[in-house]
Amino acid sequence: MPSLISFRRRIATVTSIRKITKAQQMVAASKLRRAQEAAEAARPYAEKMSAVIANVAEGVRGQAGAPRLLSGTGSDAVHLVIVATADRGLCGAFNTNIVRLARQRIQALLQEGKTVKILCVGRKGRDQLRRQYASMILETIDFMGKKHIGFGDAANIARRVLEMFDRGEFDVATIIYSRFRSVISQVPTAQQLIPAPIEAVEAGGAQQKYEYEPDEGEILTALLPRNVSIQIFRALLENVAGEFGAKMSAMDSATRNAGDVIGKLTLQYNRTRQAMITKELIEIISGAEAL
Amino acid sequence: MVRTRHGLKGGYDVTEKIPFDLVSPERLVLSEEADMVTLPGTDGYFGVLAGHMPLITTLKPGVIDVSGGTLGDQRFFVLGGFAEVTTTKVTVLAEEAMPMADVDTVALDERIKDAEEDILLAKSEADRARAIDTVDALRTLRASL
């Protein structure tokens with residue numbers, strides 16, 4: 001039977017763990033609010049952007065000389081998969097879910113005989129993918145030590161991706177991230193970036209006839225790279241919100257679990273203590289009787 | 001309203017206010033109604049009144065002038081972006097937008113230095129032209145302070 005002192009130590013340990021997880025949970029909750037606001041604030045821009053691109057692309061579709069970011073390179077032999085995860089753990093299955101989707105994608109692409117290149121955004125994704133696909137990982141970008149992710153960070157990633165595209169290093173780019181549905185639900189999602197998927201303009205809707213300045217082609221050439229940045233930015237923001245949401249619920253259940261463990265340990269501790277007292281009493285009494 | 005007696009143009013009353021949204025990737029910077037909005041289009045500055053023809057244009061770095069808004073006249077510095085104008089609304093999607101009042105000279109000098117480096121580092125002709133535009137706009141802004 002474990003000694004009383006070891007019980008006391010274990011209870012102390014679990015109590016401090018509970019304090020830590022509780023603190024983590026509260027930190028995540030307050031960060032979540034800010035991250036959610038940021039994700040919502042970024043929405044109007046992204047929506048307007050896709051609406052305008054859909055509108056402009058309508059006019060250019062099918063024409064020769066449409067920008068390559070829209071029409072693609074004409075082949076799909078080389079795929080770039082951008083895996084966006086969090087930099088830190090302690091957020092339940094958040095990172096694992098993203099990586100699982102990424103792995104399925106990569107496996108499916110490899111089976112079709114495509115070449116796959118991986119760009120990791122976030123440390124955790126790299127850590128998990130490195131074991132299996134070390135040779136395919138081109139680069140890892142992380143935001144360790146950054147307070148919050150700004151548009152500039154997303155633009156830097158986009159610039160790197162576009163440079164690679166211009167050099168013809170891949171044909172199709174997809175970003176895998178976690179869509180923030182609610183605090184308890186984050187859905188791993190794969191979204192194609194290049195060639196840009198065009199949402200169909202609702203037929204019969206009040207479609208505006210625009211004047212373009214300069215012409216459509218030039219506007220598209222200016223907009224499409226920006227669209228890549230904004231989509232990456234949006235993915236990163238959703239990821240951050242999702243990370244804190246997942247962390248909050250993971251830390252909440254950890255705190256509750258720690259509470260349960262403390263209860264059980266305390267019960268065992270008291271039982272052991274009482275058993276020892278009883279034993280000592282029996283010893284004294286039977287000693288006295290023997291006299 | 002007495003003002004509506006003034007010019008009616010193309011069926012729209014040009015003295016009416018036009019809703020104006022200035023959006024940056026990070027947030028909605030401004031949303032209000034103004035008499036006129038002046039935008040730094042790629043082909044030069046242009047003013048927008050209510051009833052402007054629908055237009056989509058890219059912007060170059062420069063200053064947006066919002067006059068006759070509910071909060072008085074306001075000016076914003078933008079670093080490129082694009083604008084969508086319809087007869088009833090103006091939306092500017094700016095890469096970076098800040099009120100002129102918040103522009104401070106030290107930060108601006110740093111930006112100019114950055115932008116000048118960009119000119120040297122530019123790989124393509126188009127990149128170079130864009131970098132030069134940015135430096136010009138920043139210098140003009142600096143001089144106007």
Quick one: what part of [X] sits under 4.5 Å from any heavy atom of chain B, side chain, backbone, both or neither?
{"X": "E163(A)", "result": "side chain"}
{"X": "A222(A)", "result": "side chain"}
{"X": "L237(A)", "result": "neither"}

Query raised in the report: Is the shortest heavy-atom distance from the side chain of T57(B) to the side chain of F46(B) under 4.5 Å?
Result: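 Contact flag for T57(B)/F46(B) side chains = yes.
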Query raised in the report: Can you find a pair of side-chain heavy atoms, one from F180(A) and one from V240(A), that are under 4.5 Å apart?
Result: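 F180(A) vs V240(A): side chains apart.
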[X] versus chain A, heavy atoms under 4.5 Å apart: side chain, backbone, both or neither?
{"X": "E96(B)", "result": "neither"}
{"X": "E84(B)", "result": "side chain"}
{"X": "T91(B)", "result": "side chain"}

Query raised in the report: Would you call the rings of F151(A) and F233(A) parallel, tilted or perpendicular if under 30° counts as parallel and over 60° as perpendicular?
Result: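 Perpendicular, since the angle between the ring planes exceeds 60°.
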Query raised in the report: Step by step, would you call N239(A) with S178(A) a side-chain hydrogen bond (donor to acceptor under 3.5 Å, both in side chains)?
Result: CA-CA 5 Å; N239(A) 247 3; S178(A) 203; 4.8 Å; no
Query raised in the report: With respect to chain A, which residue among I56(B), D21(B), L93(B) yields the maximal number of heavy-atom pairs within a distance under 4.5 Å?
Result: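 So the answer, after comparing I56(B), D21(B), L93(B), is I56(B).
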Requested in this report: Could you give me the CA-CA distance, side-chain angles and deciding distance for E32(B) and T70(B), then say whether side-chain hydrogen bond (donor to acceptor under 3.5 Å, both in side chains) is met?
Outcome: CA-CA 7 Å; E32(B) 83 156 327; T70(B) 39; 2.3 Å; yes
Query raised in the report: Do the charged groups of R123(A) and D142(A) touch, with an N to O distance under 4.0 Å?
Result: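 No, R123(A) and D142(A) are not salt-bridged.
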